[in-house]
Structure formats: C-alpha cells, structure tokens
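We use all heavy atoms of the structure for the numbers below, so side chains are in, but hydrogens, waters and symmetry mates are not. The sequence lines fix the lettering, A, B, ..., with proteins before strands; numbering per chain opens at 1.
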Amino acid sequence: MASHFIADIIENDLATGKHPTIRTRFPPEPNGYLHIGHAKSICMNFGLAAKYGGTCNLRFDDTNPTKEEEEYVASIREDVRWLGFDWEEREYYASDYFEQLYLWAEQLIEAGKAYVDDLSVEEIREHRGPWNAPGRESPYRNRTVAENLDLFRRMRAGEFPDGSRVLRAKIDMAAGNVNLRDPVMYRILHATHHRTGDAWCIYPMYDWAHGQSDSIEKITHSICTLEFEDHRPLYDWFVRELGIWPPRQIEFARLNLTHTVMSKRKLLRLVEEKVVAGWDDPRLPTIAGLRRRGYPPAAIRDFAERIGVTKQEGTVELALLEHCVREELNRVAARRMAVLRPLRLTIVDWPEGEFEELAAINNPEDETAGTRPVRFGRDLWIERDDFLEEPPKKYFRLAPGREVRLRWGYVVKCVEVVKDAAGEVVEVRCTHDPATKGGGTPDGRRVQGTIHWVAAADAVDAEVRLYNPLFAAADPDDVPDGVDWITLVDPGSLEILAGCKVEPALATAAPGDRIQFERTGYFTADLADHTPERPVFNRTVTLRDSWAKEQKKAG
RNA sequence: UGGGGCGUCGCCAAGUGGUAAGGCACGAGACUUUGGAUCUCGCAUUCGGAGGUUCGAAUCCUCCCGCCCCAACCA
C-alpha cells in the first residue's frame, strides 16, 4: 500500500508508542448505495488496518430513521465484502450506542454543558447569526440543571411533539466556527428506526453520535472527508468534556471522477426518476453498478491505490479507472470471438456442410489458459466494420480484392460483394488459401489485417449492451444557468444490440464471468439477465483502439 | 464578510533547504495471427504570483491572487 500523509501519521503514532496497534472504521450511513468514492475510503480504512496489523470495523451511522433502510444495510455489507474486505464480527451500529449516548447527554446536562431549547428551527438558525458576527444566546440557555434534566427525560418519554424542543450543547454562541455555536445534540423524531423500532423518539445528531461511537470502539484514527474538518473542534470538545477515549479525526479529499456524478442526492434522483435502471445500473459509479458492469474488485482496489490520499480536492479522469480495469482484465479474461453487427461471409471454395476444427488460444497473456476448439466452415459471420467497399488509407481489413486473416482460421480474399435492392452490402464472398490454416503464412507473405468471425452453424444469438459514460461532459456538475443537470445524461450511454453472433462457448458463460471479445472489448455476462438460452453481455470497457484514434486524426 | 482547508505537467501525485519521482493521458517508434498486449523514446529550466532570507528555496519569511467547505432539528 502506498504511503501518504495518513499512513505517515499512523507510522509516527506506532513509532512513538502512542498506540500499540491501530483501529479504523468505515462508517457509512445506510441511506443509499455505496459508490466508488466510498470504495476509496473502504480501501484506505481496511487497507491501513491490514498494513499495520490493526483492525477495521464496519459501522453503520444510523442516526436518522427517516432516511435509513435495511435494504441499504444489506447492499453495503455486500459491496464491502465484494470489494474484498472482511470486518469479521465487528459489525456495529451507532444505534447500538443510543442508550450510552443518552446517558452521556444527561452527564453533560448535569455538568451544565447542555440544555433543552424550545426555540424553533427557524429561531435557532436566526440566533446562530451570520459568519461574520456573533450569534445570540437562546432565552432557554440558562435553565437549571434540574429543569433541563426533567425536560430531556420527558423528551425521551415522548411527551413532546416533533420539532418542539432540542437538546443543545452549551459552548459558545460567538465562536468563529459556527459548529461551536451551541450545536444541536438531539432532536425529537417520532419515527420508526430500522433497528430500534419505536424504542426512541429522540435521535442523536451526527456530531453528537460520531465521535463517541468512535470512542466506544476505541478507534485510533477516525478518517473522514474534508467537509468535516470544521467539525473536528466539536468532535474533540465532546470527547474531552466526557473524559472518554480520544480518537484522532483526520480528513482527506473525497474522490471525484469525470463523466459521472457522485453525490447521493443525484444518484438517488437518477434512480427514482428511472433515468437509469436502478442502483446497479452499469452506468452508475455505484459499487453495485460497477460490479454489474464487470469491473473486477482488484481493479477498483488498484485504482484506489493509484489515486493516492491527500487533502487536495481534485477530479480523477475516468481514463485512469478504465486503465486499471483493462490492466486487470487483460491478465485474467478469457478471449472469445463475438460478432456484434453481423455481416455474412461465404467461403465460396469451401464445400457446403463441411467443417474443420481449429484451436484458438484462450488467453495469450496466460499460457495455462490453454486453447479451445472453434469450427470453421463455408458460412461465417464477420463484423460489418471489418469490410469496406472503398477502404481509406491504412485500413487493413477486408475490401474487394483484398486479403485478410480470419483469426485462428485461414487467410481469405474477397472476390465478390452481394448487395440488396437498397444497395447495402449483405454478403461478402471470399476464396480461402488452404496453405494458411490456423492463420500462418508459410510463404512468408504479410497479411496485416486479422478479423474475428463466428461460424454461422455454431453461432449463438446474444444481446449485447454497450455502455458509454453517463455524461459526455467531463464535469456534469458544471451546468449552465437554468439547465437541469439530469438533462445532460447522454442518451447514447446505453446502446442495446440484439442478434449478435457469439461463439457457442459464450452461451455457457456464468453470470458475472468476464470475457474479452477479441478486438472489441471486455464484456461480462449480465448478473441479472444472462441465461444460457438468452445470453446477455454488458460491455465493461472497450479495448484501446488505435484505429479509431487514427481515424479521428484523419478527421 | 468570520472560521476552516487547498494551490507542483492536460489529470492524479512524490517531494519536508541541496538543485522537480511515478502513474494516467498524449506524441513518436519497435514488435505483433486481437489496429489488443508488450517494449523503447519523448513529455514541468520550473513548482499560483511578487518580493525577501540563504552559497543554494517547490520546500523558510512577507504580502498578494485563486479555488473549496461551513449559517439542516442531514450525514
């Protein structure tokens, strides 16, 4: 694991003996699905614990019953596990600490450090004051300890309606850091909690719950994102006033990625308005989406490693993530041939009904992957893109009178082009060179082009889903005035191809299998819809395409 | 406007007073039965700007500029 400023802090704490061992935690709120930004945090927290021989807890920060659901808890568990991390028996919930938190609140009240406030939300906001001027104290700020205790207990007992009162810490209404202007600790919420049910009608605020939860778990390094930097003085204040184990909060910059959105609010909207098919839509940066897209967890871990950990807010280019995915897949994915947009090719000098079995290498990067048999015959399917009646310069695929190698098969020469009434090419007719079986050229002749194909007799029809970035623009958060960001979703982000012709070996793929379609890209058998009877493949990422680049240059 | 952070190549990111790592992207070439992979080479005389300290500064000091976060009974 790469070194970075947080690792430096940990190494120093270990070296000076401040901590004999470290404890970290990943603390998601179960109010949505995890995304690649969370993956960065997961990899760091679990990675750091592993690197330094410590432990990392999974803790659900479930202090807001109105937004949290069991479905999200389940998805988070699944995603963290899928990423390759194990929290063993250390699965905790902030809601497990509600009673302790309540007791601590009474302790603060007794110490004169907290009070029940009857001001409304608006009044509290108004009393908090603007940034550049001190706030005003609430008229309820100086209630007696006895009165506060009585009121707080009755709040818990359910005597008051939602929003009628809150418990506040008594700190400093003039503080430059607004978080210290008597922050709210508890609000009244008659809502059913996904785990505690109706046991409570007062719920702790994040600030009041988070640090103490860390403390209870004896977290040594509490890592969070930059926006909580302002909360650290409050985090420390609570821990100090309570006299409990002091974790150290350290902030780092959250991950931003080009061509996608990462905010929970926006992801939720994409899902709710059905702009995408669900939380696991392969176009989403959610872990579930990336999984369904075919991204290997190892690639995501590698990516998390490469982007580093700093306090600089930046936006990582999608290209780096895709690079990590290709690098991993290149190593492990089996190669298969699949024709996405089929064009008929007939070997006119090949006898009808006769076939020859050829050996195709499964993975040139992995000798142990071996070979598989593919049948060659008179009637084949090739890619429409691999034939051009009028080939441009540097195009070395099939064209009238030209030779091309059929991968693992023979070198063939185009002798005739068949068109339909509309003038569209519907079939290419070729002769084959019997001396080139397997693709070699015994006479030493150079055949630049090699194209993939599938024998018509063996071809299995498949649906192939081509994915592109959800947004064509690098920064979809940068929207012109008056434009709803959601209208920037690229309608071309999903293209569904039916009737693709794939090798029979592909129909037997299991959902989740990752395969390279030679010359096209990496694909995965869809987790939800793929069956042997009706194969469905998702494009994970394209292969690098220097021909496309060449064309772009040519204009 | 008060508080808190951050500014090193197109994008990430090392660097912590000794003379600008690395990755991605990009460009050129080699090799190639995937226009894939692989390999080689190129890619910041300069670190937001201006001064200053020093034999020596991205690193120290001063001033300035820019960007981000904070005024939920969200997290």
Pair assignment for [N], Watson-Crick or G-U wobble, requiring both distances under 3.5 Å:
N	value
B:rC74	none
B:rU40	B:rA28
B:rC9	none
B:rC60	B:rG52

Starting the side chain at C-beta, find the nucleotide from [options] nearest to [X].
X	options	answer
A:Leu320	B:rC69, B:rC74, B:rG23	B:rG23
A:Phe396	B:rG35, B:rG27, B:rA75	B:rG35
A:Lys549	B:rG2, B:rC26, B:rU34	B:rC26
A:Glu68	B:rA75, B:rG5, B:rG36	B:rA75
A:Glu317	B:rU34, B:rC74, B:rA25	B:rA25
A:Glu229	B:rU1, B:rC73, B:rG4	B:rG4

Counting the atoms with a prime plus P, OP1 and OP2 as sugar-phosphate, which does [X] contact under 4.0 Å by heavy atoms, base, sugar-phosphate, or nothing?
X	value
A:Leu119	base
A:His231	base
A:Ile124	base
A:Arg181	nothing
A:Tyr395	base
A:Val121	base
A:Tyr203	nothing
A:Gly163	base
A:Thr520	nothing
A:Met205	sugar-phosphate
A:Gly135	nothing
A:Thr315	sugar-phosphate
A:Lys264	nothing
A:Pro28	nothing

Is any side-chain nitrogen or oxygen of [X] closer than 4.0 Å to OP1 or OP2 of [N]?
X	N	result
A:Ser546	B:rG36	yes
A:Arg544	B:rA37	yes
A:Thr63	B:rA75	yes
A:Arg128	B:rC73	yes
A:Arg125	B:rA72	yes
A:Gln312	B:rA13	yes
A:Arg187	B:rC74	yes
A:Lys311	B:rG7	no
A:His452	B:rU34	no
A:Thr310	B:rA13	yes

Nearest whole Å is fine: how far is [N] [atom2] from [X] [atom1]?
X	N	atom1	atom2	result
A:Asp236	B:rG3	CG	P	19 Å
A:Glu518	B:rA37	CD	C1'	11 Å
A:Phe5	B:rA13	CZ	C1'	13 Å
A:Asp366	B:rU38	CG	P	15 Å
A:Glu322	B:rG23	CD	P	20 Å
A:Ile6	B:rA14	CD1	C1'	16 Å
A:Asp172	B:rA71	CG	C1'	15 Å
A:Leu226	B:rC68	CG	P	13 Å

Query - B:rA72: syn or anti, per glycosidic angle within 90° of 0 - result: syn
Report summary line: Contacts of A:Ala319 and A:Val316 projected onto RNA chain B by closest heavy atom; the upstream (5') one is A:Val316
Query raised in the report: Relative to the 5' end of RNA chain B, which residue comes earlier, A:Lys40 or A:Lys394, by the nucleotide with the nearest heavy atom?
Result: A:Lys40
Can you tell me how the ring of [X] sits relative to the ring of [Y], calling it parallel under 30°, perpendicular over 60° and tilted otherwise?
X	Y	result
A:Tyr93	A:Phe60	parallel
A:Tyr235	A:His210	tilted
A:His193	A:Tyr203	parallel

Any donor-acceptor pair under 3.5 Å joining the side chain of [X] to the base of [N]?
X	N	value
A:Gln448	B:rG35	no
A:Asp230	B:rG3	yes
A:Glu365	B:rG36	yes
A:Arg397	B:rG35	yes

**Report entry** Contact check, side chains of A:Asp8 and A:Ser3, non-hydrogen atoms, under 4.5 Å
**Finding:** yes
Query raised in the report: Given the P atoms of B:rA25 and B:rG15, what is the spacing between them in whole Å?
Result: 24 Å
Requested in this report: Pick the C1' atom in B:rA28 and in B:rU34, then give their distance to the nearest Å.
Outcome: 23 Å
Query raised in the report: Is it true that the NZ or CZ of A:Arg156 lies under 6.0 Å from the centre of A:Tyr102's six-membered ring and within 45 degrees of the ring axis?
Result: yes
Query raised in the report: Quick one: does NZ or CZ of A:Arg407 land under 6.0 Å from the six-membered ring centre of A:Trp453, within 45 degrees of the ring axis?
Result: no
Query raised in the report: So, are A:Glu29 and A:Lys67 salt-bridged, with charged N and O less than 4.0 Å apart?
Result: no
Report task. Decide if the gap between the ring center of A:Phe303 and the ring center of A:Tyr295 is smaller than 6.0 angstrom. Result -> no
Query - Spatial distance of atom CG (A:Leu108) from atom CG (A:Leu167) [nearest 0.5 Å] - result: 8.0 Å
Query raised in the report: salt bridge (charged side-chain N to carboxylate O under 4.0 Å, His left out) between A:Asp118 and A:Arg143: does it pass, once the steps are laid out?
Result: CA-CA 11 Å; A:Asp118 299 356; A:Arg143 294 219 248 227; 2.5 Å; yes
